[in-house]
**Student:** 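Pasting a structure below so you can have a look.
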Amino acid sequence: MIKRFGTKEGVYSLIPPAIFYCIIASAIFYSIWPYFYYMKGEKIFVLGLFAIWRYGWLVLNYIRSFIYHYIRYPELRRRTLQLPESDKYPEHLFFLIPSFKEEPWVSVETFQSILSNLAGLPCKTTLVVATGEDRDNAVITGVYNAHPHRDAVELVFQRQADGKRI
């Protein structure tokens, strides 16, 4: 099994690429700085509007994720925990999983995680897997057959020869 990393390792792995890209951005900025003198104000204004529009969406999504994480999700979780055990889960769950020419380790990790998480659910589950080649089918079938809780999950393959989002 592949070792999973936590938040601390993720932040540490961010530092070298961030430093590298900051150095590259600084070099580009300082090399084109003399040419900003010849650029007309309208072009800078348009570029600024484009940047505000683009990064405005980023800020909006950060605000939405903050609201969901700290306000909406705790309320949903509290209400769900108050439900009787028979009403917490649907009768049958369906998952559609696109997997088009994935690396085998990605499929192994993904399906081991999915099957392990589904093992604790008290409802029937069907995984509909859209694959693009026989190798994907073989890897996923191997993981499915090796998992101890495979009897609670039905596996259905759908062939997608032209890509996973058809």
Side-chain angles (χ1 to χ4, degrees), residues 1-22 24-25 47-133 136-137 139-160 162-166:
M1 180 64 100
I2 298 170
K3 182 182 184 302
R4 293 178 185 232
F5 295 102
T7 305
K8 187 168 89 174
E9 291 87 1
V11 170
Y12 289 153
S13 70
L14 171 73
I15 292 171
I19 291 171
F20 174 74
Y21 287 120
C22 285
I24 296 296
L47 287 174
L49 285 178
F50 178 71
I52 289 170
W53 173 75
R54 182 169 191 249
Y55 293 109
W57 282 109
L58 175 75
V59 170
L60 174 70
N61 285 317
Y62 276 133
I63 291 170
R64 289 178 62 220
S65 69
F66 178 83
I67 290 170
Y68 184 80
H69 186 268
Y70 291 106
I71 298 169
R72 183 68 179 143
Y73 180 74
E75 172 65 20
L76 288 173
R77 183 175 176 89
R78 184 187 59 76
R79 286 180 24 206
T80 303
L81 291 174
Q82 291 174 351
L83 288 172
E85 201 63 37
S86 61
D87 292 341
K88 286 185 181 180
Y89 298 98
E91 189 176 314
H92 199 115
L93 287 173
F94 292 90
F95 291 91
L96 176 61
I97 304 166
S99 178
F100 185 73
K101 298 182 181 179
E102 294 290 345
E103 293 291 329
W105 70 268
V106 172
S107 295
V108 167
E109 182 76 17
T110 300
F111 282 90
Q112 282 180 346
S113 175
I114 290 170
L115 291 169
S116 296
N117 284 310
L118 292 177
L121 298 180
C123 56
K124 299 176 187 172
T125 308
T126 301
L127 298 178
V128 179
V129 184
T131 61
E133 60 185 14
D136 287 341
N137 290 5
V139 170
I140 294 167
T141 303
V143 173
Y144 177 76
N145 289 335
H147 201 275
H149 299 288
R150 69 180 174 274
D151 298 332
V153 178
E154 179 186 3
L155 182 64
V156 177
F157 285 104
Q158 178 185 15
R159 180 53 66 104
Q160 299 276 329
D162 295 328
K164 63 183 175 184
R165 293 184 181 93
I166 301 301

**Student:** Should Val108 and Gln112 be marked as a side-chain contact (heavy atoms from CB on, under 4.5 Å) after you check the CA-CA gap, both sets of side-chain angles, and the distance that decides it?
**Tutor:** CA-CA 6 Å; Val108 167; Gln112 282 180 346; 3.8 Å; yes
**Student:** Could you check whether atom CZ of Arg159 has more than 12 heavy atoms from other residues, nucleotides or ligands sitting under 6.0 Å from it?
**Tutor:**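 Result for CZ/Arg159: enclosed.
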**Student:** Tell me, please, which residues at least two apart from Tyr70 pass ring pair (Phe, Tyr, Trp, His ring centres under 6.0 Å).
**Tutor:**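 Once residues adjacent in sequence are excluded, the partners of Tyr70 under the ring pair (Phe, Tyr, Trp, His ring centres under 6.0 Å) criterion are Phe66.
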**Student:** With sequence neighbours left out, what residues match Phe94 under ring pair (Phe, Tyr, Trp, His ring centres under 6.0 Å)?
**Tutor:**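 Result, ring pair (Phe, Tyr, Trp, His ring centres under 6.0 Å) vs Phe94: His92.
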**Student:** Checking side chain to side chain contact (heavy atoms under 4.5 Å, CB included) against Thr131, which of Val139, Ile97, Asn137 comes through?
**Tutor:**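 Of the listed residues Val139, Ile97, Asn137, the side chain to side chain contact (heavy atoms under 4.5 Å, CB included) partner of Thr131 is Asn137.
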**Student:** In this structure, are over 12 heavy atoms from other groups packed under 6.0 Å from Arg77 atom CZ?
**Tutor:**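 Counting neighbours around CZ of Arg77, 12 or fewer heavy atoms of other residues, nucleotides or ligands fall under 6.0 Å, so no.
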**Student:** Quick one: closest heavy-atom pair of Tyr68 and Pro74, and the distance?
**Tutor:**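 It is O-CD, 4.0 Å.
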**Student:** Rounded to the nearest 0.5 Å, how far apart are CG of Leu83 and OH of Tyr89?
**Tutor:**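 The OH atom of Tyr89 is 10.5 Å from CG of Leu83, to the nearest 0.5 Å.
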**Student:** Quick one: closest heavy-atom pair of Gln158 and Leu96, and the distance?
**Tutor:**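 Result for this residue pair: OE1-CD1, 4.4 Å.
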**Student:** Passes side-chain contact (heavy atoms from CB on, under 4.5 Å), Phe111 versus Val129? Steps please.
**Tutor:** CA-CA 10 Å; Phe111 282 90; Val129 184; 3.8 Å; yes
**Student:** Nearest 0.5 Å, please: how far is CD1 in Ile19 from CG in Leu14?
**Tutor:**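 The distance works out to 9.5 Å.
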**Student:** Give me the atom names and distance for the closest heavy-atom approach of Cys123 to Glu91.
**Tutor:**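 Nearest heavy atoms, Cys123 then Glu91: CB-O, 3.6 Å.
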**Student:** Are any of the side-chain nitrogens in Arg72 or Glu75 under 4.0 Å away from the carboxylate oxygens of its partner?
**Tutor:**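 Result for this pair is no, no salt bridge flagged.
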**Student:** Between Leu118, Thr126, Val128, which is the residue that forms a side chain to side chain contact (heavy atoms under 4.5 Å, CB included) with Phe95?
**Tutor:**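 Exactly one candidate clears the test, Leu118.
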**Student:** Could you report the tightest heavy-atom contact between Gln82 and Arg78, atom names first, then the distance?
**Tutor:**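 Closest heavy-atom pair between Gln82 and Arg78: NE2-NH1, 3.1 Å.
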**Student:** Out of curiosity, His149 NE2 to Leu121 CG, how far, rounded to the nearest 0.5 Å?
**Tutor:**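 Rounded to the nearest 0.5 Å, the NE2-CG separation comes to 11.5 Å.
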**Student:** Do Leu115 and Leu127 have side chains that approach each other closer than 4.5 Å (heavy atoms only, starting at C-beta)?
**Tutor:**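 Side-chain contact under 4.5 Å: yes.
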**Student:** On a heavy-atom basis, which atom in Asp136 and which in Ser99 lie closest, and how many Å separate them?
**Tutor:**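 Smallest heavy-atom distance, with atoms named: OD2-O, 3.1 Å.
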**Student:** Report all side-chain donor-acceptor pairs from residues 50-59 shorter than 3.5 Å, counting only partners two or more places apart or in another chain.
**Tutor:**
none

**Student:** Looking at NE2 of His69 and CD1 of Ile71, how far apart are the two atoms once the value is rounded to the nearest 0.5 Å?
**Tutor:**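 It comes to 11.5 Å.
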**Student:** Taking Ser65 for its side chain and Tyr62 for its backbone only, find out whether a donor-acceptor pair lies under 3.5 Å.
**Tutor:**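 Between the backbone of Tyr62 and the side chain of Ser65 there is a qualifying donor-acceptor contact (under 3.5 Å).
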